[in-house]
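Sequential numbering from 1 along the given sequence is applied to the chain's residues.
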Amino acid sequence: MPTAVQVTKTGGPEVLEAAEVDVAAPQAGELLVDVAAAGVNYIDTYQRQGIYPIDLPFVLGLEGAGTVVEAGEGTGFAPGDRVAWQGSLGSYAARKLVPASVAVKVPEGVSLETAAATMLQGMTAHYLVASTFEVKPGHDVLVHAAAGGVGLLLVQLAKARGARVIGTVSTEEKEKLAREAGADEVIRYDRDDFTKVTRELTNGEGVDVVYDGVGKDTVDGSLASLKVRGLLALFGASSGPVPPIDPQRLNSGGSLYLTRPTSVHYTRTHEEIDWRSKELFDAVLAGDLTVRIGGKYPLADARKAHEDLQGRRTTGKLLLIP
């Protein structure tokens with residue numbers, strides 16, 4: 001059985017290779033973990049393609065959960081602890097060294113698969129609604145790809161904060177999922193102009209914030225969907241990179257704000273990681289946050305997981321199981 005999924009050259013999903021990879025003993029500040037599940041994320045596809053360059057060869061994957069086998073000095077963890085992490089490359093593996101600085105303990109009542117599915121996308125959804133634009137009661141929020149991994153979490157978290165949530169989706173099945181997650185309105189952007197419908201739903205005003213992980217295909221409509229002084233949080237580019245934007249467009253659109261946030265800048269300290277993960281796990285335990293696992297693949301089938309993700313054939317979170 002392969003122990004890891006390695007990238008030796010950049011390119012399409014076909015470059016993913018199942019490989020035997022040795023793992024060293026943990027040093028101070030490190031944990032040796034038996035991986036129970038690794039999360040599959042769009043950033044993995046950017047790294048695989050070389051859009052985000054990484055020295056070759058490397059093991060893909062930034063997120064996972066598992067059980068500590070051995071703990072280095074000064075970690076605060078012990079063998080047998082159930083842990084989850086995000087932001088640590090090499091998670092598509094059966095066993096991995098995890099920096100204790102990015103690891104959190106998984107509370108009883110939360111499965112390791114749910115924990116793995118919560119970390120990166122959950123942290124993303126959390127920083128978007130709690131920090132990038134602090135959603136409050138009365139806000140109108142537009143969430144693109146509302147049935148995707150981040151989208152379903154964003155809908156739930158924004159709704160819990162008292163917002164009216166408008167979601168965009170591409171199929172009837174995805175519309176159903178977005179509504180079940182709490183979306184007040186759902187726009188089928190495969191058949192309707194989402195900007196026009198958003199304006200209609202907000203009496204011509206536009207929304208306070210657009211959470212856009214789609215990128216090239218939606219960015220123009222996203223900017224046009226904002227109210228005066230509204231904010232576009234462009235947190236991903238699943239349809240492709242966004243071309244340069246003339247700042248004058250922000251002026252003419254209504255003194256708009258545009259930000260391109262990324263998780264690393266919202267998880268800079270262990271205290272911040274603990275805060276975000278605790279709020280997410282508490283919401284899961286309370287039944288207030290449902291983490292949908294849309295697909296589980298054997299580690300050796302990482303290529304298929306990437307093909308399905310980029311082909312927009314998935315909903316919720318995809319996991320690789322060693």
Side-chain angles (χ1 to χ4, degrees), residues 4-5 29-48 52 54 58-68 75-77 81-93 95-107 110-132 148-154 157 213 235-236 238 261-284 289 291-294 299 302 305-306 309 316-322:
V5 175
E30 292 182 330
L31 308 172
L32 180 62
V33 178
D34 273 338
V35 180
V40 179
N41 297 284
Y42 257 101
I43 191 172
D44 304 346
T45 70
Y46 305 153
Q47 293 174 341
R48 186 203 73 222
Y52 295 172
I54 297 174
F58 65 92
V59 174
L60 205 56
L62 290 169
E63 163 194 56
T67 304
V68 175
T75 63
F77 294 87
D81 283 347
R82 300 185 326 135
V83 296
W85 62 90
Q86 60 85 38
S88 178
L89 190 66
S91 298
Y92 287 14
R95 183 168 276 195
K96 169 177 167 46
L97 286 174
V98 178
S101 59
V102 300
V104 297
K105 291 184 180 179
V106 178
V110 177
S111 73
L112 288 174
E113 289 186 359
T114 296
T118 301
M119 290 301 291
L120 198 149
Q121 290 181 335
M123 292 280 197
T124 298
H126 188 277
Y127 80 65
L128 286 170
V129 302
S131 303
T132 302
V150 177
L152 287 171
L153 299 175
L154 271 172
L157 292 178
F235 67 92
S238 62
T262 192
S263 181
V264 66
H265 299 139
Y266 288 88
T267 52
R268 298 181 68 192
T269 66
H270 200 268
E271 289 73 22
E272 192 166 29
I273 294 170
D274 274 345
W275 165 51
R276 299 195 190 283
S277 63
K278 184 178 187 305
E279 289 207 349
L280 291 165
F281 288 145
D282 284 351
V284 169
L289 182 66
V291 181
R292 176 182 172 82
I293 297 173
L299 190 62
H306 277 227
L309 180 66
K317 182 72 179 189
L318 303 187
L319 295 178
L320 296 179
I321 310 298

Completion exercise
What one should report as the nearest heavy-atom pair of A36 and P322 is O-CD, 3.6 Å
Exercise for the section: Keeping the roles fixed (side chain from K96, backbone from L31), state whether a donor-acceptor pair exists under 3.5 Å. Expected result: no
Exercise for the section: Determine whether I54 and L89 make a side-chain contact, defined as any pair of heavy atoms from C-beta on separated by less than 4.5 Å. Expected result: yes
Practice task
To the nearest 0.5 Å, tell me how far I273 CD1 sits from Y266 OH.
Solution key: 15.0 Å
Practice task
Give a yes or no answer on whether the side chain of Y42 reaches the backbone of L309 with a donor-acceptor pair at less than 3.5 Å.
Solution key: yes
Handout entry: pair T118-L153: side-chain heavy atoms closer than 4.5 Å
Key = no
Completion exercise
When rounded to the nearest 0.5 Å, the distance separating CG of L320 from OG of S91 is 10.0 Å
Practice task
Would you confirm whether R82, through its side chain, and P107, through its main-chain N or O, come within 3.5 Å as a donor-acceptor pair?
Solution key: yes
Exercise for the section: Apply side-chain contact (heavy atoms from CB on, under 4.5 Å) to V5 and H306, showing your working. Expected result: CA-CA 12 Å; V5 175; H306 277 227; over 6 Å; no
Problem - Separation between OH of Y46 and OG of S238, rounded to the nearest 0.5 Å - result: 6.0 Å
Exercise for the section: Look at the side chain of T267 and the backbone N and O of S263, then say whether any donor-acceptor pair between them is shorter than 3.5 Å. Expected result: yes
Exercise for the section: Would you indicate whether the side-chain heavy atoms of L112 and T67 approach each other to under 4.5 Å? Expected result: yes
Exercise for the section: May I ask you to test the F235-T132 pair for a side-chain heavy-atom distance under 4.5 Å? Expected result: no
Handout entry: F77 side, atom CZ; L32 side, atom CG - distance, nearest 0.5 Å
Key = 14.0 Å
Fill in the blank from the handout: In terms of heavy-atom contacts, L319 and G39 come closest through CD2-CA, 3.9 Å
Handout entry: Rounded distance (nearest 0.5 Å) linking atom CD of Q86 with atom CD1 of I43
Key = 9.5 Å
Handout entry: Beyond-backbone contact of V40 with Y92, side-chain heavy atoms, under 4.5 angstrom
Key = yes
Handout entry: Residue pair L299 / A4: nearest heavy atoms and the distance that separates them
Key = CD2-N, 4.0 Å
Problem - Electrostatic pair K278-D282, nearest N-O below 4.0 angstrom - result: yes
Problem - Under 3.5 Å: donor-acceptor pair, side chain of H270, backbone of A103 - result: yes
Handout entry: Spatial distance of atom CG (L62) from atom CD (Q47) [nearest 0.5 Å]
Key = 4.5 Å
Anything under 3.5 Å between a donor and an acceptor, one on a side chain of residues 119-128, the other on a protein residue two or more places apart or in another chain? List them.
residue, atom, partner, partner atom, Å
T124, OG1, L120, O, 2.8
H126, ND1, R276, NH1, 2.9
H126, NE2, E279, OE1, 2.8

